[in-house]
Structure formats: structure tokens, C-alpha cells
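Here is the structure we will look at.
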Amino acid sequence: MPVEERNFYIRPTLTVAKELLGKYIVRKIGRKKLEGRIIETEAYIGPQDKASHAYKGKVTPRNRAEYLVGGHIYIYLVYGMYWQLNISTAKEGKPECVLIRALDKVAAGPGKVCRYLKLGKSFYGEDLTKSKRIWLEDRSGLPKKIKPSQIKATARIGIDYAGPYWSRRKWRFVLMNKERK
DNA sequence: GTACAGATTGAG
DNA sequence: TCAATCTGTACT
């Protein structure tokens with residue numbers, strides 16, 4: 001399913017998180033393009049997920065974009081200095097999203113992803129299926145399609161406060177090094 | 001109103 | 001190991 005389609009995002013969040021691996025983020029600034037291949041994602045599935053900002057169905061001015069229909073950007077500031085790029089998934093009203101944690105070679109860490117792509121609050125709620133300044137592309141083609149064996153599932157990072165049950169869920173997905181090229 | 005901690009990072 | 005520094009939440 002092409003990444004440009006809305007239906008790509010309206011599927012189980014864990015599926016979307018895995019299928020985003022290997023896709024390219026394209027950021028257009030004037031005549032210039034910045035690009036990066038997604039190699040690390042994390043799934044957040046509120047309201048049952050204690051590590052999610054939407055735990056218990058909570059809605060705040062900051063997290064409301066998480067409730068948008070799949071394919072929208074949910075971006076927020078952590079620790080007062082770092083932006084985190086998330087892509088909403090599922091249907092309108094369901095607070096599920098995928099955090100983009102790393103781009104191959106150019107951004108190892110969610111804060112760096114946004115710094116590299118020059119993303120900030122102005123992208124809050126941006127629609128990836130319609131935007132002219134940021135979108136996703138699938139360049140893998142059939143011969144290079146990502147296989148399940150190339151994806152490593154691990155525990156999510158930095159959410160110990162959510163307790164062992166949630167922090168141990170293997171909802172972080174990494175595209176394995178030897179398979180990247 | 002005040003206090004506090006967080007889906008991080010880079011310097012020391 | 002720790003500080004940077006904004007936002008939401010839980011208090012007073």
C-alpha cells in the first residue's frame with residue numbers, strides 16, 4: 001500500500017510502525033529538499049497505553065493532534081528543548097501514533113530527527129497525504145521490500161515512569177543494520 | 001498561584 | 001552524571 005494513501009495509516013498502529021521502516025521522509029524547503037530513511041519507530045497506543053500522552057483518553061492542547069485520523073503530524077516539545085515527530089494512525093478520535101526515532105545516517109534520536117528536518121510547532125497537525133512541504137515516499141520497490149526478519153522489536157525508550165508492564169512492551173521497531181542498504 | 005517531572009541530548 | 005528549559009498536571 002503506497003504511503004501517500006490515507007488508508008496506509010488507518011490500520012493497526014503496530015503494523016504502521018513496522019511498515020514505516022525503510023520509507024523516506026521528504027522535507028521541502030524552498031527549492032531544497034531534505035530527506036531521510038526511517039530506521040527506527042515506536043508505537044504509542046492510547047488510551048490503554050500508560051506511556052502514551054493520551055492515557056485514559058486524556059485530551060490537552062498539546063496532544064489533541066494524536067486524535068486526528070491517520071497521516072497527520074503530532075509534534076511536541078520535550079524537556080523544553082527537543083521536538084518529537086509523531087505520525088497519527090487509526091481513525092479520527094483514536095489517540096494512536098508512531099514516533100519517528102531515527103533516520104539512517106543523518107539523525108540518530110527523535111530530537112535529532114526534527115532538528116535535521118527543521119521541524120517545529122508550525123507542523124502541528126500537518127497532513128502528510130496533502131502537505132507540500134513534508135511527505136513520505138516508498139522507494140524500496142519490490143526487490144527491496146522490508147521483510148519481517150529485518151525488523152527488530154525491542155522495548156521503548158525513556159518511559160520507565162509507565163511501569164514495567166508498559167515499558168517492557170516491545171513496541172519499538174528497528175531496521176537492522178546489515179539490511180539497510 | 002507554585003512545584004515538579006517528562007516519548008532527550010550533549011558536554012564533562 | 002547533569003543541566004538545559006517548556007508544558008501539562010497536581011497540588012496550595
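In what follows, every chain begins at residue 1, and chains take the letters A, B, ... in the order their sequences are listed.
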So, A/His53 versus A/Tyr74: side-chain donor-acceptor pair below 3.5 Å or not?
-> yes
Answer yes or no: does a side-chain N or O of A/Lys112 lie under 4.0 Å from OP1 or OP2 of B/dG10?
-> yes
pair A/Leu128-A/Ile87: side-chain heavy atoms closer than 4.5 Å | yes
Could you check whether A/Leu99 gets within reach of a base, just the sugar-phosphate, or nothing at all, counting any heavy atom under 4.0 Å?
-> base
Can you tell me how far the CG atom of A/Leu20 sits from the CD atom of A/Glu40, to the nearest 0.5 Å?
-> 13.0 Å
Report yes if a side-chain nitrogen or oxygen of A/Arg115 is closer than 4.0 Å to either non-bridging phosphate oxygen (OP1 or OP2) of B/dT9; otherwise report no.
-> no
Between B/dT8 atom P and A/Glu40 atom CD, what is the distance in whole Å?
-> 10 Å
Pick base, sugar-phosphate or nothing for A/Asn63, based on heavy-atom distances below 4.0 Å to the nucleic acid.
-> nothing
Which part of the nucleic acid, if any, lies within contact of A/Arg172, taking any heavy atom under 4.0 Å across all strands shown: a base, the sugar-phosphate backbone alone, or nothing?
-> nothing
What's the CD1-P distance between A/Ile159 and B/dT8, to the nearest Å?
-> 9 Å
When you check the phosphate oxygens OP1 and OP2 of C/dG8, does a side-chain N or O of A/Arg64 lie under 4.0 Å from one of them?
-> no
Base, sugar-phosphate, or nothing: which does A/Glu42 touch, judged by heavy atoms less than 4.0 Å apart?
-> nothing
